[in-house]
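In the text below, chain A, chain B and the rest are named by the order of the sequence lines, each starting its count at 1. Bear in mind the structure is a predicted one, so any value in this text is a computation, not a measurement. No hydrogens, no waters, no symmetry mates; every other heavy atom, side chains included, goes into these values.
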Number of protein chains: 2
Amino acid sequence: MSQNVYEPHNHSHCVDHAIDRARSLCEQRGARLTKVRLRVLELIWQSHKPMGAYELLAILAQEGFNPAPPTVYRALDFLLDLGLVHRLHSLNAFVGCNHPEDQHPACFFVCEQCGKAQELAADKLQALSRQVEELLGVTVNHQLTELSGICPGCKQKALEQ
Amino acid sequence: MSQNVYEPHNHSHCVDHAIDRARSLCEQRGARLTKVRLRVLELIWQSHKPMGAYELLAILAQEGFNPAPPTVYRALDFLLDLGLVHRLHSLNAFVGCNHPEDQHPACFFVCEQCGKAQELAADKLQALSRQVEELLGVTVNHQLTELSGICPGCKQKALEQ
DNA sequence: ACGCCTTGTGTTATATTGTTGCAATTCTAT
DNA sequence: ATAGAATTGCAACAATATAACACAAGGCGT
């Protein structure tokens with residue numbers, strides 16, 4: 001885990017690093033980080049709360065992008081392909097990835113109260129795919145673990161009331 | 001893992017056992033396994049392919065239940081609450097659970113080709129929640145792991161072509 | 001059995017999320 | 001410059017899920 005989103009941190013660093021990584025990754029792969037794609041990535045990184053496609057759409061609209069749903073979904077597909085964002089199916093939402101360089105089974109904890117998502121680099125999960133492949137004789141292409149519950153901050157707030 | 005769905009098996013046993021477990025679980029919990037709820041559960045168990053809500057809806061309609069989306073979603077919510085089915089978010093679909101008695105972190109492998117889903121009782125996953133709780137100071141309420149790929153049968157078919 | 005209350009269902013409408021298909025534009029390499 | 005590929009604009013639509021309120025069925029004490 002590169003960082004704990006439930007702890008206070010200088011969030012602009014998160015964003016800056018993410019954009020830098022995105023640029024170099026795109027260059028490396030010969031992919032084009034266009035205006036829409038870049039803006040979508042920035043918006044996703046503006047908080048640690050996973051964002052929905054239509055939420056992104058609304059913001060882009062305010063900014064004069066004049067987009068329709070496909071615009072956003074295409075940008076998201078692009079970012080997903082490069083591993084720059086993950087999709088949290090249980091929320092129908094998207095969140096930035098901290099280490100897009102290396103492919104990895106995704107694992108997230110999401111606070112049911114504040115909505116912030118923390119990615120986890122659980123090494124045990126790396127092994128899970130191999131285990132399942134042996135056990136069932138299958139080939140695993142994707143793996144996603146989603147945990148949900150209450151984060152420390154929201155526990156605290158609940159007590160104070 | 002109680003059984004491998006990618007191996008041939010007498011599927012009527014799957015269904016029968018599932019219904020029996022459901023009945024006794026409902027009795028035990030003082031819950032009412034009504035007509036709609038029972039029928040939805042049966043339909044979900046008719047195959048190992050997770051079913052969508054509207055797929056269920058269509059079948060119920062043919063059977064004279066005269067249902068609307070809320071009917072199905074309410075039945076599904078009921079079954080989910082009791083742990084009789086799991087929801088696979090990546091597919092927006094529902095699949096029967098083999099051991100609803102004991103609460104457990106769900107883990108599924110789904111074949112991208114044939115769609116069949118195999119539940120896995122990965123004991124490593126039991127530990128994951130506790131690990132995450134310690135690491136982040138959070139409280140975990142739900143946990144779902146979804147793997148996807150190709151099952152042995154579909155690999156074979158691909159070769160034969 | 002009767003009424004009463006709780007639970008479950010029917011019904012209509014609507015919200016949210018995601019896709020298809022095609023035209024227009026922009027970029028890139030020759 | 002220009003052909004070809006990639007990207008975006010655009011309109012319609014499909015799929016999934018929920019809200020709100022009325023009605024019915026079943027359990028329970030009297």
Once you round it to whole Å, what is the distance between [atom2] of [N] and [atom1] of [X]?
X	N	atom1	atom2	value
B/R74	D/dA22	CZ	P	14 Å
B/L76	D/dT18	CG	C1'	14 Å
B/Y73	C/dT9	OH	P	17 Å
A/D77	D/dT7	CG	P	12 Å

Could you tell me which non-hydrogen atom of A/A22 sits nearest to which non-hydrogen atom of A/L41, and how far apart they are?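 Scanning both residues completely, I find the closest heavy atoms to be CB-CD2, 3.4 Å.
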Distance, nearest 0.5 Å, that separates [atom1] of [X] from [atom2] of [Y]:
X	Y	atom1	atom2	value
A/R39	A/I59	CZ	CD1	7.5 Å
B/C151	B/Q156	SG	CD	10.5 Å
A/F94	A/H89	CZ	NE2	7.5 Å

Nucleic acid contacts - residues 44-69 of chain A versus DNA chain C, non-hydrogen atoms under 4.0 Å: A/Y54, A/P69
Is there a donor-acceptor contact under 3.5 Å from the side chain of [X] to the main chain of [Y]?
X	Y	result
A/R37	A/R32	yes
B/S129	B/Q126	no
A/R21	A/N98	yes

Using a cut-off of under 3.5 Å, enumerate the N/O to N/O pairs linking the protein to nucleotides 3-5 of chain D.
none

Considering only heavy atoms, which members of residues 18-39 of chain B lie under 4.0 Å from some atom of DNA chain D? B/R32
Residues A/H9, A/H11; criterion ring-ring contact (aromatic ring centres under 6.0 Å, His included); working and verdict: CA-CA 6 Å; A/H9 62 283; A/H11 186 59; 5.5 Å; yes
Tell me whether A/E133 is salt-bridged to A/R130, with the criterion being a basic N under 4.0 Å from an acidic carboxylate O.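 The answer is yes: the pair qualifies as a salt bridge.
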Evaluate side-chain contact (heavy atoms from CB on, under 4.5 Å) for A/Q131 paired with B/K124, printing each intermediate quantity in order. CA-CA 11 Å; A/Q131 268 185 306; B/K124 307 274 166 66; 3.1 Å; yes
Taking only side-chain nitrogens and oxygens of B/T71, does any of them come within less than 4.0 Å of OP1 or OP2 of C/dG10? yes
Would one find a side-chain N or O of B/N92 under 4.0 angstrom from OP1 or OP2 of D/dA17? yes
Atom NZ of residue position A/K49 - does it have more than 12 heavy atoms of other residues, nucleotides or ligands inside 6.0 Å?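 No, the 6.0 Å shell around NZ holds no more than 12 heavy atoms from other groups.
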Ranking A/F94 and B/A75 by the position along DNA chain C of their nearest nucleotide, the one closer to 5' is B/A75
